[in-house]
Amino acid sequence: MSALADLLAGPVQEVAPRLLGAVVRHGPVAVRLTEVEAYDGADDPASHAFRGRTRRNQVMFGPAGHLYCYLSHGIHVCGNVSVGPEGRASGVLLRAGEVVDGIDVVRELRPGVADRDLARGPGRLGRALGLRLDLDGTDLTTGAVTVTPGEPPPETSCGPRTGVRHAADRAWRFWSTGDPTVSPYRRHAHANGL
DNA sequence: ACGAAGATGTCCT
DNA sequence: GGACATCTTCGTC
């Protein structure tokens, strides 16, 4: 049992906050997570897996500890960690973090962007880490992208998830309290409550 | 085969 | 605060 597998054991709502402080690495770039969201498959109307298995979301139906990548608005590649046993399509969206290695590379990639904004938001985080759709399904213990448990932040907060239309009031977003790299909350224009 | 929506970011007023 | 870029995925016809 790897350290990551231990960290990912249990219900996704409990796993997600434990991922705060973990380090995601792809090549020279590493990001320490400061903000994540839990998505709970068939029990969660906001999840990509709510309506069952499709080609896009199949990774979340597989074993825990794999990377689920999806394309958002034709531009942004966002990353998730699959959670839960096979058949339960839970996942944790990597929403924001602090670049802790390879910051020169990311600065060069994003001229004029403040350091704290380099991975502030799921699209920016994906871009900073060089996530691509072909990395979908990567084993996060042995693959090109890895997640390593890290020191949890001193204080964490939770609240509703950002930008989801359905189940917009579930407090399944977790972040490092007061951290400048946490993205701003935006409620969906036509949000449905629970 | 077609169309609408989207777990966003950026630029505009 | 609001428009819009951009293209894949999925549901429906």
Side-chain angles (χ1 to χ4, degrees), chain A residues 11-13 15-17 19-20 22 24 31 33-62 66-84 88-99 106-107 109-137 140 145 147 157-175 180-194:
Chain A
V12 68
Q13 299 88 341
V15 170
L19 278 168
L20 296 173
V24 186
V31 168
L33 297 176
T34 59
E35 182 188 2
V36 298
E37 283 174 359
Y39 287 87
D40 199 12
D43 296 330
D44 181 2
S47 170
H48 287 166
F50 182 60
R51 291 174 194 286
R53 186 175 192 139
T54 66
R55 182 146 86 250
R56 178 175 65 161
N57 66 28
Q58 62 179 332
V59 172
M60 285 200 290
F61 284 84
H66 291 250
L67 184 67
Y68 163 47
C69 287
Y70 71 93
L71 186 68
S72 178
H73 290 76
I75 305 173
H76 313 288
V77 177
C78 303
N80 304 248
V81 178
S82 67
V83 174
R88 182 158 191 105
S90 304
V92 176
L93 171 66
L94 310 178
R95 272 204 68 86
E98 173 193 4
V99 178
V106 186
R107 281 177 181 150
L109 189 70
R110 308 295 312 276
V113 174
D115 283 355
R116 66 175 228 180
D117 291 334
L118 289 174
R120 190 178 187 222
R124 292 158 165 173
L125 182 147
R127 189 162 172 192
L129 277 173
L131 296 185
R132 291 175 267 107
L133 289 183
D134 62 87
L135 291 168
D136 189 44
L140 292 169
V145 181
V147 174
S157 303
C158 68
R161 293 173 290 184
T162 295
V164 298
R165 174 190 285 260
H166 302 289
D169 293 327
R170 292 188 192 181
W172 287 357
R173 171 173 170 255
F174 305 90
W175 66 93
T181 65
V182 173
S183 67
Y185 174 66
R186 286 191 278 275
R187 190 173 176 84
H188 194 284
H190 305 294
N192 300 333
L194 297 171

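The sequence lines fix the lettering, A, B, ..., with proteins before strands; numbering per chain opens at 1.
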Q | Canonical and wobble pairing (Watson-Crick, G-U, under 3.5 Å) of DNA chain B, dot-bracket with | | A | ||||||.|||||.
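- Here the side chains of A:Val59 and A:Tyr70 are not in contact, with every heavy-atom distance at 4.5 Å or above.
- The existence of a salt bridge linking A:Arg170 and A:Asp43 is excluded, since no basic side-chain nitrogen approaches an acidic carboxylate oxygen closer than 4.0 Å.
- Evaluated for a side chain to side chain contact (heavy atoms under 4.5 Å, CB included) with A:Tyr39, the options A:Val164, A:Val92, A:Asn57 yield exactly one hit, A:Val164.
- By the salt bridge (charged side-chain N to carboxylate O under 4.0 Å, His left out) test, A:Arg120 is found to be paired with A:Asp117, residues two or more places apart in sequence or in another chain being considered.
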**Q.** Contact letters for nucleotides 2-13 of chain B, in which S counts primed atoms plus P, OP1 and OP2 and B counts the base, heavy atoms under 4.0 Å
**A.** ----BBBSS---
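- Nearest heavy atom pair, residue A:Cys158 against residue A:Phe174, reads CB-CD2, 3.6 Å.
- Taking the side chain as every heavy atom from C-beta outward, A:Val147 and A:Leu19 approach each other to under 4.5 Å.
- Counting heavy atoms of neighbouring residues, nucleotides and ligands inside a 6.0 Å radius, atom CZ of A:Arg51 does not exceed 12 of them.
- A search for side chain to side chain donor-acceptor pair (under 3.5 Å) contacts involving A:Ser90 returns A:Asp40, not counting sequence neighbours.
- Side chain of A:Glu37 to backbone of A:Arg95: no donor-acceptor contact under 3.5 angstrom is found.
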Any N/O pairs under 3.5 Å between the protein and nucleotides 1-3 of chain C? List them or say none.
none

**Q.** side chain to side chain contact (heavy atoms under 4.5 Å, CB included) between A:Leu67 and A:Leu131, intermediate numbers included
**A.** CA-CA 10 Å; A:Leu67 184 67; A:Leu131 296 185; 4.2 Å; yes
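- Nucleotides C:dA3 and B:dA5 have their P atoms positioned 15 Å apart, rounded to a whole Å.
- With a 4.5 Å cut-off on side-chain heavy atoms, A:Phe50 and A:His166 do not count as touching.
- With hydrogens and angles ignored, the 3.5 Å screen pairs a side-chain donor or acceptor of A:Glu35 with a backbone N or O of A:Ser183.
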Distances under 3.5 Å only, N/O to N/O: pair up the protein atoms with those of nucleotides 11-13 of chain C.
none

